[in-house]
Amino acid sequence: GARVLARARDMEGRNEPARDEAARSPASSPAVARAYTLTIWGIALGILIQAVATVVWALAIGNAQLFKDGVDWVYDVALYGIAAIVFGRDARIERLAAVAIGAVMAVAGLHTLYDLWDKIVRPRPIEVWTLGFAAASAIVIAVLVVGALWRFRRENNPVIKATWLSSRNDTISTTGF
């Protein structure tokens with residue numbers, strides 16, 4: 001029954017996928033998709049909490065270097081938020097997300113270039129405790145993110161795979177392992 005009907009549709013050319021369907025990412029099971037989305041939102045929220053805590057602490061002690069480190073976490077929050085919003089959407093939304101991700105990365109890059117220029121123009125001493133806190137928090141967060149995404153490491157969906165690989169590589173570059 002069903003095979004015969006499918007074969008008949010194939011022969012008539014009506015079983016070709018629509019353009020949008022062909023451009024979509026491989027589908028994940030609904031349970032995996034829900035778990036991934038919740039995990040990504042959880043990661044974004046956790047990093048946002050870290051960012052706010054760092055910025056509040058920096059403002060309380062008047063430390064510009066720590067303030068910059070806290071603000072830098074906002075880029076991660078934005079990227080994970082975009083990944084959570086676009087996951088499972090159609091190709092058009094994924095293309096728009098790619099533009100948004102490019103914009104976030106451009107702003108982050110310009111912010112880094114500004115900070116480098118500022119350090120050259122107005123050198124400031126390295127604060128060991130601040131640097132240590134920033135490095136330790138980056139390592140802890142990188143390891144926690146990889147731990148949260150570990151269950152998705154073998155998924156074929158390109159958004160999931162990209163998130164996993166990016167987080168894994170971030171952990172490697174942050175820890176030096």
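Below, all heavy atoms of this structure are taken into account, side chains as well, without hydrogens, waters or symmetry copies. Every value quoted in this text rests on a predicted model; they were computed, and no experiment measured them.
- Counting only distance, with no hydrogens or angles, the side chain of R89 and the backbone of I85 share a donor-acceptor pair below 3.5 Å.
- Every residue was checked against the ring pair (Phe, Tyr, Trp, His ring centres under 6.0 Å) condition with F67, not counting sequence neighbours, and none meets it.
- With sequence neighbours excluded, the residues satisfying side chain to side chain contact (heavy atoms under 4.5 Å, CB included) with R122 are Y114, W117, D118.
- The environment of R124 atom CZ is dense: over 12 non-hydrogen atoms of other residues, nucleotides or ligands sit within 6.0 angstrom.
- The distance from the OG atom of S29 to the CD atom of E155 is 6.5 Å, given to the nearest 0.5 Å.
- Between F152 and I40, every side-chain heavy-atom pair lies at or beyond the 4.5 Å cut-off.
- Between atom NZ of residue K161 and atom CG of residue N156 there is a gap of 5.5 Å, rounded to the nearest 0.5 Å.
- Checked options T39, V140, I43; the residue passing with V145 is I43 (criterion: side chain to side chain contact (heavy atoms under 4.5 Å, CB included)).
- Heavy atoms only, all atoms of each residue included: A44 and G81 are closest at CB-N, 4.3 Å.
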Pair R168-I172, side-chain contact (heavy atoms from CB on, under 4.5 Å): steps then yes or no: CA-CA 6 Å; R168 183 203 63 191; I172 292 167; 4.2 Å; yes
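- Rounding to the nearest 0.5 Å places CG of D76 at 9.0 Å from OG of S167.
- Residues V86 and A97 approach most closely at CG1-CB, 3.2 Å, considering heavy atoms.
- A continuous path of hydrophobic side-chain contacts links L165 to V159 [ILVMFWY only; heavy atoms under 4.5 Å].
- In this structure a side-chain-to-backbone donor-acceptor pair under 3.5 Å is missing from T174 to I139.
- From E127, atom CD reaches atom CD1 of I61 across 7.5 Å, with rounding to the nearest 0.5 Å.
- Separating the CZ atom in R153 from the OG1 atom in T163 is a distance of 15.5 Å, to the nearest 0.5 Å.
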Please table the atom pairs, donor to acceptor, closer than 3.5 Å between any side-chain atom in residues 103-113 and protein atoms at least two apart or in another chain.
residue	atom	partner	partner atom	Å
H111	ND1	D72	OD1	3.3
H111	ND1	Y75	OH	3.0
T112	OG1	A108	O	3.0

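- When hydrophobic clusters are built by joining Ile, Leu, Val, Met, Phe, Trp and Tyr residues whose side-chain heavy atoms come closer than 4.5 Å, directly or via intermediates, I93 is grouped together with L79.
- Residues N157 and V32 fail the side-chain proximity criterion, which asks for heavy atoms closer than 4.5 Å.
- Not counting sequence neighbours, W129 has no partner by the ring pair (Phe, Tyr, Trp, His ring centres under 6.0 Å) test.
- Across all their heavy atoms, V77 and L48 have their closest contact at CG2-N, 3.5 Å.
- Applying the side chain to side chain contact (heavy atoms under 4.5 Å, CB included) test to Q50 and every residue at least two apart in sequence or in another chain returns T54, W73, F133, S137, I141.
- A distance of 11.0 Å separates CD1 in I101 from CG in L96, rounded to the nearest 0.5 Å.
- The ring-ring contact (aromatic ring centres under 6.0 Å, His included) contacts involving residues 77-99 comprise Y36-F87, where partners must be two or more places apart or lie in separate chains.
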